[in-house]
A.B. asks: 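Encoded as structure tokens, here's the structure I'll be asking about.
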Amino acid sequence: MSNSKYQPVIGLEVHIELSTQSKMFCTCSADYFTKEPNTHTCPVCLGLPGALPVPNKKAIEWCVMIGLVLNCQIPLFSKFDRKNYFYPDLAKGYQISQYDKPFCVNGSITLSNGKKIGINRAHMEEDTGKLTHATIDGKRVSLIDFNRSGVPLVEIVTEPDFESAQEATEYLKYLQRIVRYLGVSNADMEKGDMRLEPNISLRKVRDIREVKKVQKVTQVAQELPPYKVEVKNINSFKFVEKAINYELERQSELLDKGQTPVQETRGWNEQKQVTLSQRSKEEAHDYRYFPEPDLPPLSFDHAYIQGLKEKLPELPDAKLKRFAKQYRLSLYDAQILTRDRNLADYFEEAAKAAKVHDIDAKQIANNIINKKPDIEKILPATFVEQIYETSQVATIPSEKLDKIVQDVLAKNIQAVEDYKKGKENVIMFLVGQVMNNIPEKVDANLIKKNIEDLLK
Amino acid sequence: MIDTTALTIQETCSLIASKQIKTVELTHSFLDRAKKLNSKLNAFITICEEIALKQAEKIDDLISDNQSLGPLAGIPVGIKDLYLTKGIKTTAGSKVLENYIPVYDSTSIARLKEANVVIIGKTNLDAWGHGSSGENSDFGPTKNPYDLTRVPGGSSSGSAAAVVSDMCLAAFGTDTGSSVRLPAAFCNLVGLKPTYGRVSRYGVIAMASSLDSIGHFTKTVYDNALVLNVTAGYDPRDSTTSQDKVSDYTKDIQKGVNGLKIGLPREYFKDLDKDIKKITMDAVKKLENAGASIQEVSLPHTQYAVATYYIIQPSEVSSNLARYDGIRFGFARDKFGQEAKRRIILGTFTLSSGYYDAYYLKAMKVRRLIKEDFNNVFKKVDILICPTSPSLPFKLGEKVNNPLQMYLSDIFVVSQNLAGVPSLSVPCGFIRNLPVGMQIVGPHFSEKLLYQAGYTYEQETKWYERKPKMGN
């Protein structure tokens, strides 16, 4: 940010849709993307009279695992609450969420610049249906698709510890990577698997300096500005960055004019490249949270949480360090290979298979990075075989090769003459002749060089 | 010929099984009576003649094929119009759902169908279960068969009136804070509010989810136990149902009460109407003579029960009724009646930020104390006996303009819902020709014990033989 009079105070709320087979509170398939509207529904996710929720164990397990990766504490007692509000896509007139007893609390992660970002909480809730506004037979109508209704969502809320858009996006990319590593969400932004809501405000730096004199630095530095602006439902890292930077600019201009920005919810408008006001504080909902009476409170025991800890896969950072050390890869290579868990697994499988042929893991890494094999189609062992075959040629004994080359040159005097007269293309004919005399696949360049040397 | 309408379930089952009567004939006789009496009593919102006869034929086929039969084969039942019945209109007693036909059966209905009952119809009720008299129904009040100028008690008003007037042999209700027990007491019936979590709530339109108990009415204690055998048990669709094994409630029902410790909570008898007190104490005396020991006990937080109930219940109501917005089914919100609106407003207020702590949260704390009262008292005694209603069935219209007075009808019956304990209301006599009931209350999942005590008392008195003079 250009203006150094203010310190950005940024927090993030991220919704992540879990990729469980069934929905959060019923047995309907949670795989709703591009499906025929209202085909993945039942009395529960349609909110029909009399229907009752039954929690999805897997989803809860995955939420706790996300919390564990974010170094959260997992309280042994937890419960669901109802969040009451009206919207046509909200089948029951309330959303089952968690209010004061979320599954995960008080976590933190460390950014690459060493800054610690607090994780306030991670909790479980259900998604809503989807409204579409359309014109049918000349009539303007609103259509509701409940396929998404009840799909499990984890909401992760950070402390307002970010000070720039870059820090925020680093965290978001990290979060995306770990949920993919855990295999709990595709975190595909375009499909709405991951929805981002930054809240942004500015505090005056001057304040801190003034207070330095009275030696209460830490207290005041942690004091939050008297307002905050929330930007809703952004579905790209790029847009988050733009929205944050736009807000920092907009708010600093207001502060410069001696005004306090309004506490409100805004939306990012990509066409106009601005944030636009959606809802002010006065219009804010009173959600009337209360404990969900249809679901008994949950209590976990230490063994359950320990069990989940043991289930956690190796995470990107640890894997990166291990790859660098165990396979003696450059940090850069290790980074590329650990970006995606499937690619990392592919590399390790290949490195293991390569031992048979005494191929170095480093060489495997180089091949994967440069040749980018289709890891869905080519098995790691097959890929290793391919590398092995192409490397085989170098191992042909040079005396044997020399002899074959000499034979070919002796039989093709005309061609040799032409080459010597400057017809350099002829050499490829000679290379071909040599290759015809060797049963194995050979490196053409090696032969070419051999011929050139002999004809010098 | 046998007067089939005057039989108990126990008797009817053996007549059907021994092929002395055909289910279709039986169903016809109950349907005829129901159709005839309904104009007087307004007990049914819907009488499903065609469906009932089809069910009856199916059962007769099973019998003639010597197929195995469900435990309630051929028994005509009435269903409170709060239970979803697939393909049968379910109104909740409200104009909002006047045309609503459910796409699925509630768990209880599915279990009853498996037990081969015959559903005669859907019974009238205070809309959404909101009421103690039946007068809050959008389809007109139900009358008390013992005195047509009086209320049958609510909210399961139609179910009670239907059973006692022999329009069916059992009827189903819901009890959130009186709604089975009060009508049972006002209509000389045995009415069970089971332990919270004993009977599935799935598919029963929710009133206040943490309080709703799915109960039923019968003429006799044995019949009541027979029905609970069918409805009780864990339901994977209702997370609040218990996985505890269900006992056979009819087994050992004749065990007697010898050595049983009965507590009389003094708070329930303190300012009790003299006549009701006397009739209740007479009943206690009978149990004492049968070998039970009697002692006075205390449930010290009783006086806070109604206030607590009228915060928690409307809070949950306000949330549970939110889905009836008329967007996808039913009619718009302006069709809600006065009482529903009152509870939505009350509940929305008590859950609002700034008021939540003072109302809802406080009420939940008191609820815990009330629950502890019961836990403590059941360390000393096995069961409690107390009156069901502080008054006799009152006149239609007597309390409609005074909601607070109406709420106080529930003074003896809401504590059990707050605590989740089971309570069986059994007839204990008549005052000025009007029925009186008493409650037998026990610890969680003690239904079997309640039936044993109720049965012992019933053998001494047989109040169910005193029928309303409805004419045939």
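Residue numbers start from 1 in every chain, and the chains themselves are labelled A, B, ... in the order their sequence lines are given, proteins ahead of strands. These figures come from a predicted structure and were not determined experimentally.
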A.B. asks: So which residues of residues 54-61 of chain A are in contact with chain B at a heavy-atom cut-off of under 4.5 Å?
C.D. replies: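 Residues A:Val54, A:Pro55 are the ones that qualify, each having a heavy atom under 4.5 Å from chain B.
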A.B. asks: Give me the contact list for residues 118-136 of chain A versus chain B, heavy atoms only, anything under 4.5 Å, ordered by residue number.
C.D. replies: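 Residues qualifying by a heavy atom under 4.5 Å from chain B are absent, so none.
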A.B. asks: Do you know which of B:Leu211, B:Leu351, B:Leu361, B:Asp325 has the most heavy-atom pairs under 4.5 Å to chain A?
C.D. replies: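 So the answer, after comparing B:Leu211, B:Leu351, B:Leu361, B:Asp325, is B:Leu351.
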A.B. asks: Nearest 0.5 Å please: distance from the CG atom of B:Leu418 over to the CG atom of B:Leu369.
C.D. replies: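 Answer rounded to 0.5 Å: 11.5 Å.
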A.B. asks: Do the numbers put B:Lys335 on top of the ring of B:Phe331, so that NZ or CZ is under 6.0 Å from the six-membered ring centre and no more than 45° off the axis?
C.D. replies: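 Yes, a cation-pi geometry holds between B:Lys335 and B:Phe331.
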A.B. asks: Which one wins on heavy-atom pair count under 4.5 Å against chain A: B:Ser319, B:Ser318, B:Ser200, B:Gly197?
C.D. replies: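 Between B:Ser319, B:Ser318, B:Ser200, B:Gly197, the count favours B:Ser319.
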A.B. asks: Determine, for B:Lys122 against B:Asp81, whether the closest basic-nitrogen to carboxylate-oxygen distance falls under 4.0 angstrom.
C.D. replies: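 Judged by the 4.0 Å cut-off on N to carboxylate O distance, B:Lys122 and B:Asp81 do form a salt bridge.
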A.B. asks: Need one label for B:Val103: side chain, backbone, both or neither, based on atoms under 4.5 Å from any heavy atom in chain A.
C.D. replies: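 Only the side chain of B:Val103 comes within 4.5 Å of chain A.
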A.B. asks: Mind checking which of residues 37-48 of chain A sit less than 4.5 Å from chain B, heavy atom to heavy atom?
C.D. replies: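 The residues closer than 4.5 Å to chain B, in numerical order, are A:Pro43, A:Val44, A:Leu46, A:Gly47, A:Leu48.
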A.B. asks: Ion pair present between A:Glu230 and A:Lys228, side-chain N to carboxylate O less than 4.0 angstrom?
C.D. replies: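 Looking at A:Lys228 together with A:Glu230, the answer is no, because their closest N to O distance does not fall below 4.0 Å.
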A.B. asks: Checking B:Ser106 against chain A: side chain, backbone, both or neither under 4.5 Å from a heavy atom?
C.D. replies: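 Neither the backbone nor the side chain of B:Ser106 comes within 4.5 Å of chain A.
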A.B. asks: Non-hydrogen atoms of chain A under 4.5 Å away: do they reach the side chain of B:Pro236, the backbone, both or neither?
C.D. replies: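 Looking at B:Pro236, just its backbone touches chain A.
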A.B. asks: Find the one option among B:Asp212, B:Asp238, B:Thr107, B:Leu82 whose heavy-atom pairs under 4.5 Å with chain A are most numerous.
C.D. replies: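 Maximum pair count with chain A is reached by B:Asp238.
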A.B. asks: Could you walk me through whether B:Tyr83 and B:Tyr202 pass the ring pair (Phe, Tyr, Trp, His ring centres under 6.0 Å) test, one step at a time?
C.D. replies: CA-CA 9 Å; B:Tyr83 288 61; B:Tyr202 188 79; over 10 Å; no
A.B. asks: Using the ring of each side chain (for Trp, its six-membered ring), is B:Tyr360 parallel, tilted or perpendicular to A:Phe290, with breaks at 30° and 60°?
C.D. replies: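 Geometry flag for A:Phe290 against B:Tyr360: perpendicular rings.
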A.B. asks: Enter the distance from B:Ile311:CD1 to B:Tyr355:OH here, rounded to the nearest 0.5 Å.
C.D. replies: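 Interatomic distance, B:Ile311 CD1 to B:Tyr355 OH, rounded to 0.5 Å: 14.0 Å.
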A.B. asks: Nearest 0.5 Å please: distance from the OG1 atom of B:Thr91 over to the CG atom of B:Leu125.
C.D. replies: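 The CG atom of B:Leu125 is 6.0 Å from OG1 of B:Thr91, to the nearest 0.5 Å.
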A.B. asks: Are the charged groups of B:Asp235 and B:Arg201 less than 4.0 angstrom apart, N to O?
C.D. replies: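 Looking at B:Asp235 and B:Arg201, the cut-off is not met.
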A.B. asks: Regarding B:Asp126 and B:Ser155, do their side chains bring together a donor and an acceptor under 3.5 Å, going by distance alone?
C.D. replies: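 Checked: B:Asp126/B:Ser155 side chains show no N/O donor-acceptor pair below 3.5 Å.
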A.B. asks: Taking all heavy atoms of B:Ser179 and all of B:Gly129, pick out the closest pair and write down the distance.
C.D. replies: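 Scanning both residues, the minimum pair turns out to be OG-O, 4.0 Å.
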A.B. asks: Quick one: do the A:Gln278 and A:Thr265 side chains pair a donor with an acceptor below 3.5 Å?
C.D. replies: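 The criterion, which ignores hydrogens and geometry beyond distance, is not satisfied for A:Thr265 and A:Gln278.
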A.B. asks: Need one label for A:Tyr94: side chain, backbone, both or neither, based on atoms under 4.5 Å from any heavy atom in chain B.
C.D. replies: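 Just the side chain, heavy atoms under 4.5 Å.
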A.B. asks: Taking every non-hydrogen pair under 4.5 Å, which of B:Ala322, B:Ala92, B:Ser210, B:Ser209 racks up the most with chain A?
C.D. replies: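 Among the listed options, the one with the most contacts to chain A is B:Ser209.
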A.B. asks: Regarding B:Ser315 and B:Thr350, is there a side-chain donor-to-acceptor distance under 3.5 Å anywhere?
C.D. replies: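 A donor-acceptor contact under 3.5 Å links the two side chains.
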A.B. asks: With under 30° as parallel and over 60° as perpendicular, where do the rings of B:Trp128 and B:Tyr324 fit, or are they tilted in between?
C.D. replies: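 The arrangement is tilted - the two ring planes meet at 30° to 60°.
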A.B. asks: What distance do A:Ser185 atom OG and A:His15 atom NE2 have between them, rounded to the nearest 0.5 Å?
C.D. replies: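 Between atom OG of A:Ser185 and atom NE2 of A:His15 there are 13.0 Å.
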A.B. asks: Under 4.5 Å, heavy atom to heavy atom, which residues of residues 76-88 of chain A contact chain B?
C.D. replies: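 From residues 76-88 of chain A, the residues near chain B are A:Arg82, A:Asn84, A:Phe86, A:Pro88.
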A.B. asks: Could you check which of A:Pro49, A:Pro53, A:Ala51 has the highest count of heavy-atom pairs closer than 4.5 Å to chain B?
C.D. replies: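 The answer is A:Pro49.
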A.B. asks: Do the side chains of B:Glu339 and B:Arg342 get close enough for a salt bridge, i.e. N-O under 4.0 angstrom?
C.D. replies: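 Between B:Arg342 and B:Glu339 there is a salt bridge, with a charged N closer than 4.0 Å to a carboxylate O.
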A.B. asks: Applying the side-chain contact (heavy atoms from CB on, under 4.5 Å) criterion to B:Thr90, which one of B:Thr46, B:Leu97, B:Leu84 satisfies it?
C.D. replies: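 With B:Thr90 as partner, side-chain contact (heavy atoms from CB on, under 4.5 Å) holds for just one option, B:Leu84.
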A.B. asks: For B:Ile205, is it the side chain, the backbone, both, or neither that has a heavy atom closer than 4.5 Å to a heavy atom of chain A?
C.D. replies: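 Both backbone and side chain.
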A.B. asks: Is A:Glu17 paired with A:Lys191 through a side-chain N to carboxylate O contact shorter than 4.0 Å?
C.D. replies: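 Salt bridge: no.
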A.B. asks: If we only count heavy atoms from C-beta on, is the B:Asn99 to B:Ile101 side-chain gap below 4.5 Å?
C.D. replies: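 No - every pair of side-chain heavy atoms lies 4.5 Å or more apart.
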A.B. asks: Cut-off 3.5 Å, side chains only: do B:Gln416 and B:Tyr196 have a donor facing an acceptor?
C.D. replies: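 No, no side-chain donor-acceptor pair sits under 3.5 Å.
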A.B. asks: I need the A:Phe300 CZ to A:Leu308 CG distance, nearest 0.5 Å.
C.D. replies: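 One finds 8.5 Å between CZ of A:Phe300 and CG of A:Leu308.
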